[in-house]
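See below for the structure under consideration.
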Amino acid sequence: MSSHPSSSDPSGSASGSFHRLHPKVQRWVWTQGWKELRGIQEVAIAPIIEGTQDVILSASTASGKTEAAFLPICSRLAEDSGGSVRAIYIGPLKALINDQFERLDGLCDGLGIAVHRWHGDVSQGHKARLLKSPAGILLITPESLEALFIRQGSALASLFSSLEHIVIDELHAFIGTERGCQLQSLLHRVELTLRRNVPRVGLSATLGDMTLAAEFLRPGAGEKVRLCNSDSGGGELLLQLRGYRKRTPDARRLAPGEDEESSDGLPEDEHDVGAHLFKTLRGTHNLVFANSRANVELYADLLRRMCEQAQLPNEFFPHHGNLSKELREEAEAALKARQRPVNLVCTTTLEMGIDVGAVQSIAQVGVPPSVASLRQRLGRSGRKGGPAVLRLYLQEAELTKTSPLPDQLRMRLVQSVAMLELLLTNWFEPPASGAFHFSTLVQQLLSLIAQHGGVKAGEAFSALCQAGPFARVSREDFVHFLRGLGQRELLSQSSDGTLLLGRVGERIVNQYSFYAAFASVEEFRLVASGRTLGTMPIDQPLFVGTYLIFGGRRWRVLAVQGDEKVVELEPAPAGRVPMFESTGVGGVHDRVREQMRAVYAGDGIPRYLDARAQELLAEARATFQRWGLSERSIITSGREVHVFPWAGDAVVHTLALSLQASGLSVETLGAVLSVEGMQSDVEGALRGLVAEGPPRAEALTTHVANMALEKHDGFVPEDLLARDYAARYLDVQGAWRAAQRVLQ
DNA sequence: GACCTGCTGCGGCGTG
């Protein structure tokens with residue numbers, strides 16, 4: 001492409017902000033052969049090039065958001081050069097930073113703008129070069145920025161002295177998390193160091209209510225954030241929910257001499273799902289979301305063997321967080337190349353970030369974790385005008401006389417239907433909010449002390465709480481928090497009152513694991529013929545001779561080297577799906593449970609259900625009617641009383657703790673509470689709850705055995721920890737209202 | 001009944 005005739009001039013688009021870009025940037029756009037700027041790129045130019053306000057750019061995956069931010073930013077940087085870093089890009093993944101580095105380098109090359117990347121895999125030589133002559137754009141992770149504060153605390157002010165922009169990629173991935181809270185604190189600390197505001201640009205997938213994202217980007221002034229949205233809108237969606245009956249063990253047909261762990265170690269139910277996946281997906285490119293790493297391994301192994309049986313080259317590869325980077329990148333590259341059929345069986349690893357190109361369809365095996373994540377997964381399919389295709393596979397147990405009520409009510413199927421209905425109305429869960437994040441406050445306080453060598457309590461409160469991201473922590477709470485950290489030797493105080501690192505604090509800060517706000521477990525490394533396949537939690541019982549499925553293949557343990565935490569494997573004909581550590585706390589939203597009730601009470605049959613799923617839905621509704629659940633929400637079945645609050649996990653959890661506090665023995669079965677005893681006792685306890693008003697969270701959390709879930713929670717005073725726990729996992733108002741509803 | 005992300009300094013060794 002040598003010339004740029006005006007007929008294909010990108011400036012020909014309607015609103016015409018193109019001319020505001022630097023001439024050299026305009027030329028770069030032409031040389032890319034772009035006919036016109038994408039919508040988001042067009043609307044982003046004016047607010048970013050002015051360089052005074054915070055902006056959120058929201059659009060679907062692969063809509064050119066990065067360029068939307070950097071065309072105007074580079075236009076400013078090309079004008080003149082400063083003697084320090086002029087723009088920081090913060091990304092959640094090293095792989096994403098590497099991707100963006102390649103893309104930006106092409107743009108910046110002709111503009112004379114330096115581009116640096118800084119994360120754990122970047123050599124010390126490159127890092128030293130930036131420190132020596134800081135300039136241009138810096139691409140960095142939150143953890144590496146944290147390390148800069150601690151290691152280069154005194155040099156930061158000059159390193160960033162002419163900083164004009166901070167870009168945050170995948171903003172939605174940070175909201176509501178410890179890591180996001182750390183990021184907010186780092187952004188604030190950059191501004192404190194420079195003694196001025198630096199405009200922020202957040203790049204995000206479309207979130208329903210963007211005001212939350214705006215408030216996250218600029219705490220306390222979210223209403224001033226400029227929102228630029230260019231959602232191409234929902235295209236056509238082809239949807240199917242396939243129902244399967246899981247056979248009970250005695251109903252399974254077993255060949256003589258075979259047990260359940262027979263030739264391939266799988267019950268037939270997974271075969272049914274696997275057979276349909278194989279038949280439907282083979283020969284094309286698709287993503288299969290299987291919810292857990294264990295299920296990813298199970299289906300990847302099953303589908304690979306189906307390829308072998310059909311004498312085809314393997315088309316199915318696993319992808320999850322415990323697989324080695326090498327294996328994951330191979331799988332990603334194979335899919336992206338489009339040279340042969342490739343299907344990836346994955347966890348949440350492929351929901352965001354890495355670009356593998358659009359796929360023919362999405363398969364979801366099992367209940368999706370949330371409507372929001374289902375939507376994100378769906379976004380991977382159906383680009384370029386074609387329809388998005390989603391197949392949901394759901395197994396429900398074959399019923400017997402002793403089947404538990406949730407099975408009889410087909411709750412997994414009904415929850416999935418409810419979530420699909422909500423997806424179709426364009427609703428999805430807002431990101432979490434309301435936590436205090438004391439664990440991350442521990443980290444940020446220690447980091448602040450390390451950065452400056454010491455800090456006054458009042459200054460720390462002002463920097464982190466008053467004007468920082470921990471605004472919900474009062475002065476009184478902060479003093480109490482400091483005392484707790486002092487007792488645990490994280491802090492000490494000099495004679496003039498300056499806070500210093502204590503014996504334990506010093507030790508924590510000097511470990512490199514300190515830079516991450518989240519915790520990680522020690523793991524074994526799995527090695528076959530000198531090649532690292534990935535890792536497994538260290539508490540796994542592994543012995544020589546143990547059979548294992550990993551990386552979608554079958555292995556036998558050859559040796560376990562405890563000192564080096566290495567497990568050597570050799571190929572084997574048999575295998576067993578490994579158990580991975582799991583500590584998940586559920587998070588089903590109120591709205592999903594309300595919709596489930598509507599699905600039970602309604603009589604419409606969604607068109608996307610296959611014949612088996614329709615049968616299962618009919619069974620669910622028959623059970624619902626038989627128990628009279630449209631009129632009442634508390635029933636007795638055998639020795640158990642079942643309570644149906646039709647509310648989210650926070651309400652269910654709060655009710656369970658309230659009933660426990662009244663001396664009852666309670667078990668939570670997803671949406672249902674199962675209580676031992678007489679219905680009158682349960683009703684009495686609920687009436688007591690209603691009479692007393694919303695329960696006090698402090699009273700309920702005394703029944704929670706382990707509230708220390710986040711990295712530094714062990715250092716946080718118990719009462720503050722209880723408040724954080726309540727803010728995250730309980731809903732006292734909702735539980736009180738639910739108790740009233742249940743009794744009606 | 002879950003999932004994901006990240007990381008420094010330094011000693012020891014081999015190679016140019």
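Naming: A, B, ... by sequence-line order, numbering from 1 per chain. FYI, side chains are in, hydrogens and waters are out, and symmetry mates aren't considered; it's all heavy atoms of this structure.
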Are A/Ser439 and A/Glu178 linked by a side-chain donor-acceptor pair shorter than 3.5 Å? no
Is the closest side-chain heavy-atom distance between A/Phe644 and A/Leu405 below 4.5 Å? yes
A/Arg117 NZ/CZ over A/Phe101 ring centroid, <6.0 Å and within 45° of normal: yes
Side-chain contact check for A/Thr348: nearest option of B/dC3, B/dT8, B/dT5 is B/dC3
If I take atom CG in residue A/Leu709 and atom P in nucleotide B/dC3, what distance separates them, rounded to the nearest angstrom? 16 Å
Touch class at under 4.0 angstrom, heavy-atom based, for A/Glu146 against every strand present: nothing
Regarding the side chain of A/Thr141, the nearest nucleotide among B/dC3, B/dG9, B/dG6 is B/dG6
d(CD, A/Glu710; C1', B/dC3) in whole Å: 14 Å
Report yes or no: is the cationic atom of A/Arg179 (NZ for Lys, CZ for Arg) closer than 6.0 Å to the six-membered ring centre of A/Phe174, at no more than 45° off its axis? no
With a 4.0 Å cutoff (strictly under), does any side-chain N or O of A/Thr347 reach OP1 or OP2 of B/dC4? yes
Nearest listed nucleotide, side chain of A/Glu143, among B/dG9, B/dT5, B/dC7: B/dC7
OP1 or OP2 of B/dA2 sitting under 4.0 Å from any side-chain N/O of A/Ser292? no
A/Arg293 side chain N/O closer than 4.0 Å to the phosphate oxygens (OP1, OP2) of B/dC3? yes
A/Glu178 atom CD is separated from B/dT5 atom P, nearest whole Å, by 18 Å
Donor-acceptor side-chain pairing of A/Asn322 and A/Thr535 below 3.5 angstrom: yes
Once you apply a heavy-atom cut-off of 4.0 Å, does A/Arg328 come out as touching a base, just sugar-phosphate, or nothing? sugar-phosphate
How long is the line joining CZ of A/Phe518 and P of B/dT5, in whole Å? 9 Å
Assign A/Lys711 to base, sugar-phosphate, or nothing according to its heavy-atom contacts below 4.0 angstrom with the strands shown. nothing
In whole Å, I'd like the distance from the CG atom of A/Leu139 to the C1' atom of B/dG6. 16 Å
B/dC4 C1' sits how many Å from A/Arg179 CZ, rounded? 9 Å
When you match A/Ala147 and A/Gln415 each to their closest nucleotide on DNA chain B, which lands nearer the 5' end? A/Gln415
A/Tyr512 aromatic ring stacked with six-membered ring of B/dT8, 5.5 Å and 30°: yes
Tell me what A/Ser520 touches on the nucleic acid: a base, only sugar-phosphate, or nothing, going by heavy atoms under 4.0 Å. base
Starting from C1' on B/dA2, measure out to CD on A/Glu351 and report it in whole angstrom. 11 Å
note: A/Gln152, atom CD; B/dT8, atom C1'; distance rounded to Å ~ 11 Å
